[in-house]
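If you scroll down you'll find the structure; I have some questions about it.
Chain A is the first sequence line, chain B the second, and so forth, proteins listed ahead of strands; every chain is numbered from 1. This is a predicted model, so every value here is computed, not measured.
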Amino acid sequence: MFVGSSLIKLYAENACIDDARLLFDIMPNRDCVLWNVMIYGYLKNEDYINAIEVFLEMRKSGTKPNSVTFVSTLSVCATEGIIRLGTQLHGLSVIFGFETDPPVANTLVSVYSKCKHFIDARRVFETMPRTDVVLWNAIISGYVQNGMMEQALDLFNEMIDLGIKPDSVTFSSLLPSIAESTILELGKEAHGYIVRHGVPLDVFLKSALIDLYFKCKDVKMAKRTFEQTSLTDIVIYTGMISGYVLNGMNMDAVETFRKLMDEGKRPNSLTLASLLPACAGLASPRLGKEVHGFALKNGIESRCYVGSAILDMYAKCGRVNLAHNVFKNMSQRD
RNA sequence: AGCAUUCGAGGCG
C-alpha cells in the first residue's frame, strides 16, 4: 500500500495526474493515505473540482478521514474561496475530533480569513489552547489578500505582544500590503525588524522586499537587497525586471534579462510578460523580436497575456504588420 | 513503513 501511495504521489507531482488517477482506480483496498494523496495531487494540479470529487467519493466509500484529509480538502476551499464547503468541513472536523489539531485549525483559519469571515477565523483561534506562528500567518495573510493592511498590522503587533515571533512567512505575507500602500517608512521599519531579529531571508522574503522597495520607488534599496545575498531564482529576477519597468528603467530591465540568461536561468511566461513592455518603451523592435523568437522556441507565446504583450510591443515599435501577424496566429484570443 | 497546514514575480486596457 505504501508503494502505491508513493507512486501516485510521484505521478501527481510530475504533471501526470491522470496516470496517478488510473493507478488509484485500480488499487484494490484504498486506505486513508491513498485517498489523501489523490486529493492533494489534484490540489497541486489546480484541479479543484476533482479534488473535491475524490473527497466526496472517499466519504461515500466509508473510509475514515484523518487530519490530513481535512487539511488537504480545506486547502482547496481556501484556494478557491469555497466558504460553504469549508464551513461544512469545519462541522465534520468537529465530529471527527480534529478541530483543535493545529494543522487543521490553521487551514480552517486560512479558509475563513480568505473568505473575509474574520469573526469565524477568530472563533477558531479562541478554541486553540496554544497558538503557533502559522495560525497567525494564516489570518494575517487573509487580511492582506483582502487589502486590509491596518488590520494585518494590528494583528502583527498583537502577536509580538503575545511573544510569538514572526518568521519569514509572516513578513512575506505582510510586505505586499505595505508595498501597495507605497509608504516607504513602514517598509523600512519592517525591514529593520527583519534585520534586527535575524529573520531568515529565503527567496520568498527576498522577493517581497525587492518588490516593496520598487513599489515605494526606492530603486537603490531594491537593487541593494538584490545584490546583498546570492539567493536568486527566476521569480526574483522577474521581480527585478518588472520593478525596473515600473520605475521607467527599461535599459536596466533588459540588462537584468541578459544577466539571467547568462546565468542559465529559465525565463517563463511571466518573465517575458514583464520584459516586453521594456522593449516597447525602448521602441526596440530588434530586441522585441529576439524575445518573441525566444517565446516561440519555448512554446510560451501561447499564453494569452504574453501574446498581448508581444502585440502591444510591436504596435508601439511601429510594426503594425508584425502585430497583425501575431494577432492572427494567437491560439486563444480574449 | 507511505500523505498534509500559513508566504513570492506578469501584459494591454
Side-chain angles (χ1 to χ4, degrees), chain A residues 1-10 12-13 31-41 43-44 65-76 78-79 98 101-111 113-114 121 131-142 144-145 166-177 179 202-212 214-215 232-243 245-246 267-280 295 300-301 303-313 315-316 323 334:
Chain A
M1 194 65 84
F2 65 89
V3 179
S5 61
S6 309
L7 202 53
I8 290 176
K9 186 172 174 240
L10 192 72
E13 277 169 357
D31 68 359
C32 176
V33 174
L34 213 51
W35 286 98
N36 291 347
V37 171
M38 203 61 233
I39 293 169
Y40 189 69
L43 170 61
K44 283 296 134 187
N66 65 9
S67 63
V68 179
T69 315
F70 284 99
V71 168
S72 301
T73 315
L74 283 165
S75 292
V76 176
T79 318
F98 295 123
D101 177 83
V104 173
N106 294 341
T107 320
L108 274 169
V109 166
S110 176
V111 173
S113 66
K114 229 143 265 174
T131 59
D132 64 3
V133 67
V134 177
L135 195 64
W136 288 86
N137 291 346
I139 193 162
I140 288 175
S141 162
V144 171
Q145 289 181 20
D167 62 7
S168 73
V169 176
T170 316
F171 283 100
S172 28
S173 306
L174 197 59
L175 293 181
S177 74
D202 55 21
V203 283
F204 294 88
L205 184 50
K206 182 168 176 175
S207 85
L209 278 169
I210 290 171
D211 217 53
L212 166 84
F214 272 127
K215 291 203 167 114
T232 45
D233 65 5
I234 191 59
V235 178
I236 289 179
Y237 268 111
T238 305
M240 287 302 293
I241 291 172
S242 64
V245 172
L246 177 73
N268 59 28
S269 59
L270 289 115
T271 316
L272 299 190
S274 307
L275 177 67
L276 282 160
C279 307
I300 44 187
E301 93 292 355
R303 308 232 70 147
C304 191
Y305 52 79
V306 176
S308 64
I310 292 172
L311 202 117
D312 184 66
M313 179 275 299
K316 286 187 176 141
D334 66 1

**Report entry** Between W136(A) and T170(A): side-chain donor-acceptor atoms closer than 3.5 Å
**Finding:** no

Query raised in the report: Nearest-Å distance, CG (L276(A)) to C1' (rA9(B))?
Result: 15 Å

Report task. May I have the distance from D202(A) (atom CG) to rG8(B) (atom P), rounded to whole angstrom? Result -> 12 Å

Requested in this report: State which of rC3(B), rA9(B), rU5(B) makes the closest approach to the side chain of K9(A).
Outcome: rC3(B)

Requested in this report: Classify the side chain of D233(A) and the base of rG8(B) as holding, or not holding, a donor-acceptor pair under 3.5 Å.
Outcome: yes

Report summary line: Of the listed rA9(B), rC7(B), rG11(B), the closest approach to the A273(A) side chain comes from rG11(B)

Query raised in the report: Nearest to the side chain of T271(A), which nucleotide is it out of rG8(B), rC12(B), rA9(B)?
Result: rA9(B)

Report summary line: Quick note, T107(A) side chain, CB onward, closest among rC3(B), rU6(B), rU5(B) is rU5(B)

Query raised in the report: CG of D312(A) versus C1' of rG13(B): gap in Å, rounded?
Result: 10 Å

Requested in this report: Specify the separation, in whole Å, of atom CG of L74(A) and atom P of rA4(B).
Outcome: 16 Å

Query raised in the report: Is S274(A) touching bases, backbone alone, or none of the nucleic acid, heavy atoms closer than 4.0 Å?
Result: sugar-phosphate

**Report entry** Partner set under side chain to side chain contact (heavy atoms under 4.5 Å, CB included) for S242(A), not counting sequence neighbours
**Finding:** S274(A)

Requested in this report: Could you check how far CG of N66(A) sits from C1' of rG2(B), rounded to whole Å?
Outcome: 12 Å

Query raised in the report: Between rC12(B), rG8(B), rA4(B), which nucleotide has the shortest distance from any of its atoms to the side chain of V68(A)?
Result: rA4(B)

Query raised in the report: Can you find a side chain N or O atom of Q145(A) that sits less than 4.0 Å from OP1 or OP2 on rU6(B)?
Result: no

Requested in this report: Starting at atom CD of E13(A), determine the distance to atom P of rG2(B), rounded to an integer number of angstrom.
Outcome: 15 Å

Query raised in the report: Can you check the K215(A) NZ to rG8(B) P distance for me, whole Å?
Result: 12 Å

Requested in this report: Output the single nucleotide from rU6(B), rA9(B), rG2(B) whose closest atom is nearest the side chain of D31(A).
Outcome: rG2(B)

Query raised in the report: On a plain distance test, is the side chain of S6(A) in donor-acceptor contact with the base of rG2(B) below 3.5 Å?
Result: no

Query - Quiz item: N36(A) side-chain donor-acceptor pair to rC3(B) base, under 3.5 Å - result: yes

Query - Short side-chain N/O contact from S141(A) to OP1 or OP2 of rC7(B), under 4.0 Å - result: yes

Query raised in the report: Within the structure shown, what part of the strands sits under 4.0 Å from L108(A) by heavy-atom distance: base, sugar-phosphate, or nothing?
Result: nothing

Query raised in the report: Got V203(A) and S207(A) here, is their nearest side-chain heavy-atom distance under 4.5 Å?
Result: no

Query raised in the report: Would you call I310(A) and L272(A) a side-chain contact if the rule is heavy atoms closer than 4.5 Å?
Result: no

Query raised in the report: Base, sugar-phosphate, or nothing: which does V203(A) touch, judged by heavy atoms less than 4.0 Å apart?
Result: base

Query raised in the report: Excluding sequence neighbours, so at least two apart, what forms ring pair (Phe, Tyr, Trp, His ring centres under 6.0 Å) with Y237(A)?
Result: F226(A)

Report task. Give one of base, sugar-phosphate or nothing for V37(A), where a contact means two heavy atoms less than 4.0 Å apart. Result -> sugar-phosphate

Report summary line: To the nearest angstrom, the CD1-P distance between I300(A) and rA9(B) comes to 18 Å

Report summary line: Per atom distances to the N137(A) side chain, the nearest of rU5(B), rU6(B), rG8(B) is rU6(B)

Query raised in the report: K114(A) has a side chain; which of rU6(B), rG8(B), rG2(B) sits nearest to it?
Result: rU6(B)

Query raised in the report: Of the candidate nucleotides rC3(B), rC12(B), rG8(B), which contains the atom at the shortest distance from the side chain of P277(A)?
Result: rC12(B)

Query raised in the report: Side chains of S75(A) and T107(A): do they bring a donor and an acceptor to under 3.5 Å?
Result: no

Query - Distance-only donor-acceptor test (3.5 Å): side chain N268(A), base rA9(B) - result: yes

Report task. Determine whether any donor atom in the side chain of S173(A) lies under 3.5 Å from an acceptor atom in the base of rC7(B), or the reverse, and answer yes or no. Result -> no

Query raised in the report: Are K114(A) and S141(A) close enough, and set up right, to give a side-chain contact (heavy atoms from CB on, under 4.5 Å), and what steps lead you there?
Result: CA-CA 8 Å; K114(A) 229 143 265 174; S141(A) 162; 4.2 Å; yes

Requested in this report: Would you mind telling me which of rC12(B), rA9(B), rC7(B) lies closest to the side-chain atoms of V235(A)?
Outcome: rA9(B)

